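Some notes on the structure that comes next.
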Amino acid sequence: MVEATNFIEQIINEELESGKVSAVQTRFPPEPNGYLHIGHAKSLCINFGIKEKYNGKCNLFFDDTNPSKEKTEFVDAIKEDIKWLGFTWDKETYASDYFEKIYDFAVELIKKGKAFVCDMTAEEISANRGNFKEPGKESPSRNRSVEENLQLFADMRAGKFADGEKCLRAKIDMASPNINMRDPVIYRILRQTHHRTGDKWCIYPMYDYAHPICDYMQGVTHSICTLEFEDHRPLYDWVGIELGFAPKPRQIEFARLNVTNLVMSKRYLKKLVEEGSVDGWDDPRMPTLTGLRNRGIPAEALKDFCQRIGVVKANSEVQISYLEACVREYLNAHAERAMGVLKPLKLTITNYPDGQSEMVDFDVNPNEEIKRTRKIKFSKHLYIDSDDFSLAPPPKYFRLKKDGYVRLKSAYIIKCDDVVFNQDGSVKEVLCSYVPESKSGNDTSGIKTKGVIQWVEQDSCIDAEIRQYGYLLKDEEYAGQDFSERMNTESVKIFNGKVEPYVFENGDISYQLMRTGYFKLLDVKGKKVVSEIVSLKDNFNK
RNA sequence: AGGGGUGUCGCCAAGCGGUAAGGCAACGGAUUUUGAUUCCGUCAUUCGUAGGUUCAAAUCCUGCCACCCCUGCCA
C-alpha cells in the first residue's frame, strides 16, 4: 500500500483496501479543440501520477463528441505537449472509437423506457426546463411508445430529420432540483464533418452521456475531472446504473488550477491567437504548455510545481512566484551558465597588451556535483553591462565605479581609472587597469572585492537579441478591448545585447545569463535570440 | 430562490477527537569569484463565525456568514 498524498489517493487506497477495486486506471480526457495549458498540466500530473504510483494504467482519451469544434491539428499538438512533459499513455482512445457502441447503448435505454425522442426545439426545451426555483415541464413526446422511439431514433441516424429537429433525451425527472437530471439531451442531430469519422454520422452523443460509457469501455476505475462537473455526477452514475456497468467507474472532482497573472480561458487564448495579438499558441507569453516551453520552463519544474500545489476541492489561486520558485530551483541545479550583457558598455583594459588574449576557466554550473568548466576568451577589449557601472554610485554599490575595484567573473580584478564620454554626456567607454596577479583561481593580489560582474570579450562575442517576455496579465483590463494592443507593446522588451559564443548542448535546455536571469535560447541565425523566463532574485535594486 | 461544493498564516497546503506539518513569499544574520545559490534563525495561543457535546475539538453536532458551480441540442 502506498501512502496517499492527497484526497484522491486516499479514496483509491480505501477502495483498494476494501477490495472494491483491484487495479487502478485513469484517463486524461482533453477535447481536441485547443492547445493544452498549465491547468491541464495539473490534470496530467494527477492522472498519470496515479498511474505511476499504483502501477496502473492511464489512457490518453480524446473527448471528440462535438465535431464543430475539434480538429486533428489539436490532437497532434496535445500529444506533443504530453510527450514533452514526459508522460506515456497506455492507449490512445477517442470517444469516436465508441460511437457505434454508444449508439447501441442508447437503443438499450430506449428499450428500457429510459430515453425518448423529443420533438421540441432547443428553445422549447430550454423554456420548459424550469429554473432554480421551479420544476420543468415534461415534454409532450415523453410518453411515446418504445417502438416509435426506436423507429424515430433510427430515422435520426439515417438523416431523415434536419439539424435540431429532434433529439434523444434521457427520461429521468423534470422536477429534480439538479437541473442536469431534467431529462437531459443525450443525442443531437448535427451535420458536421468529424475529424475522424468524417460524414459517417449525423447524430452525436452529448458529453454527459458518452463520457461514462467511454470510461467504462476502457476499463477506467477513476474518472477524475474538475469541480464544475460535480453536479453532473448523478447523471454520470445514472448512465452507469441504467446500463448495468459493473464495476462502475467512479467520478472524482478536484479544483482546477488558477495562477495569478495567467489568463487560462481557452476561448480567450484562442481569440489572441486568431486576432494575431500573439505569434501563436506557442508564443512565450502564452500559458499554454508549448508557450511555457518556449519561454524556457523545463518540464520537470512544471511537474514539480503541480506536485507541490497539491490536489484539493477548495478553489484557490496560486501565486506565479510559486511557479517561478520551482523553475528557479530546477534551473539553479541544472542550467548551464553563460555570461551576457543586456546593454553593452565598452571596457578597455589599458595595461593589457594589444593583440594578446588568454583563456580563463568558467564553471558550467557551480552547483553540480561533478563540476565542469569551460574556457572563455579574455582580452584587452571587453563589454560589460551599463548597469554594472555607475558614475554616481549610491551607498553600498558593489559594482564598478570610478577609482573602484571590481572582479570580472572568472578573470581578473580591475580598477576603473577613467571614463570616456559621448557628445551628449553619456558614458561611451570605461578605461580600466587589471591586476595581473589576481587571476581567478590563482589570486595572490590580496585585494578583496565585494562586487563581481560579468563581461563578454569584444571580438568573440556575438550579438544577441534578448527578449524579456511578460505574462498575459489578468487584471481589470482583462475583459476590456485594449488588451491585445498592450500585448504587443508592453509585454515584451527587446534588448540588443551581447553574449559569449557558447553553444549549448540542447536548445531546449534553459540556461542562466549571469545575474540577469534564466533564459532560453530560441534561435541561432547569426544572432542568438534568448527569451527570459524568470528573473533572478534581484536585491541590489532595493 | 432550489441544488451541489468550499472555508486552516499574504499565497498553496498537512491535519481525520489528544492539544496547529511543510512549501512559496517576507524578515533578520552567516558564508559566497553570480548582490544568485547555500546556511542558520523569525514568521497561526489559533483553524469563516456563534453556540453545543467532551477530561480534551481545526477535527463531532447545530445555527449563521462568505465565496465558487449549475437553468448549452458545449465539454
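Fair warning: this is a prediction, and the values are worked out from it, not measured in the lab. Chain A is the first sequence line, chain B the second, and so forth, proteins listed ahead of strands; every chain is numbered from 1.
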I'd like the [atom1] distance from [M] over to [N], given in whole Å.
| N | M | atom1 | value |
| --- | --- | --- | --- |
| B/rU8 | B/rG2 | P | 25 Å |
| B/rC67 | B/rU49 | C1' | 14 Å |
| B/rC39 | B/rA50 | P | 41 Å |
| B/rC65 | B/rA26 | P | 39 Å |
| B/rC69 | B/rG10 | P | 24 Å |
| B/rG35 | B/rC43 | P | 30 Å |
| B/rA57 | B/rC64 | P | 24 Å |
| B/rC9 | B/rU45 | P | 11 Å |

For residues 165-190 of chain A, the ring-ring contact (aromatic ring centres under 6.0 Å, His included) pairs (sequence neighbours left out) are A/F153-A/Y187, A/Y187-A/Y209

So ring-ring contact (aromatic ring centres under 6.0 Å, His included) across residues 116-137 of chain A, not counting sequence neighbours, yields none

The criterion is ring-ring contact (aromatic ring centres under 6.0 Å, His included); which residues satisfy it with [X], sequence neighbours excluded?
| X | value |
| --- | --- |
| A/Y207 | A/H211, A/F229 |
| A/Y434 | A/Y352, A/Y412 |
| A/H37 | A/H40 |
| A/Y405 | none |

note: A/N365, atom CG; B/rU38, atom P; distance rounded to Å ~ 12 Å

Check A/R308 with A/D304, please: is the shortest side-chain N to carboxylate O separation under 4.0 Å? yes

Distances for protein N or O near nucleotides 7-11 of chain B N or O, under 3.5 Å:
{"unit_1": "B/rG10", "atom_1": "N2", "unit_2": "A/Q319", "atom_2": "OE1", "d": "3.2"}
{"unit_1": "B/rC11", "atom_1": "O4'", "unit_2": "A/Q319", "atom_2": "NE2", "d": "3.0"}
{"unit_1": "B/rC11", "atom_1": "O3'", "unit_2": "A/E317", "atom_2": "O", "d": "3.1"}
{"unit_1": "B/rC11", "atom_1": "O2'", "unit_2": "A/E317", "atom_2": "O", "d": "3.2"}
{"unit_1": "B/rC11", "atom_1": "O2'", "unit_2": "A/Q319", "atom_2": "N", "d": "3.4"}

Judged by whether its glycosidic angle lies within 90° of 0, B/rG52 is anti

According to the Watson-Crick and G-U wobble definitions, with both distances under 3.5 Å, which nucleotide is paired to [N]?
| N | answer |
| --- | --- |
| B/rU31 | none |
| B/rU37 | none |
| B/rU42 | B/rA26 |
| B/rC64 | B/rG48 |
| B/rG17 | none |

B/S/- along nucleotides 68-75 of chain B (protein heavy atoms under 4.0 Å) is SBBBSBBB

With sequence neighbours left out, the residues meeting side chain to side chain donor-acceptor pair (under 3.5 Å) with A/Y518 are none

The side chain to side chain donor-acceptor pair (under 3.5 Å) partners of A/T288 (sequence neighbours excluded) come to none

Checklist entry - A/Q307 side chain N/O closer than 4.0 Å to the phosphate oxygens (OP1, OP2) of B/rA13? => result no

- Below 6.0 angstrom between ring centroids: does that apply to A/F99 and A/Y204? yes

RNA chain B nearest-nucleotide lookup for A/L513 and A/L323: closer to the 5′ end is A/L323

Need one value for [X]: base, sugar-phosphate or nothing, where a base atom within 4.0 Å counts as base even if backbone is also close, heavy atoms only.
| X | value |
| --- | --- |
| A/Y397 | base |
| A/Q454 | nothing |
| A/E253 | nothing |

The nucleotide from B/rA25, B/rU33, B/rG5 with an atom nearest the side chain of A/R328 is B/rA25

Exactly one candidate in A/K313, A/R233, A/R256 meets salt bridge (Lys or Arg N to Asp or Glu O under 4.0 Å) with A/E228; the answer is A/R256

Ordered by number, residues from residues 433-447 of chain A within less than 4.0 Å of RNA chain B (heavy atoms) are A/K439, A/S440, A/G441

So the salt bridge (charged side-chain N to carboxylate O under 4.0 Å, His left out) pairs with at least one residue in residues 167-186 of chain A (sequence neighbours excluded) are A/R142-A/D183

Which of A/D385, A/D388, A/D387, A/T449 passes side-chain hydrogen bond (donor to acceptor under 3.5 Å, both in side chains) with A/R399? Answer is A/D388

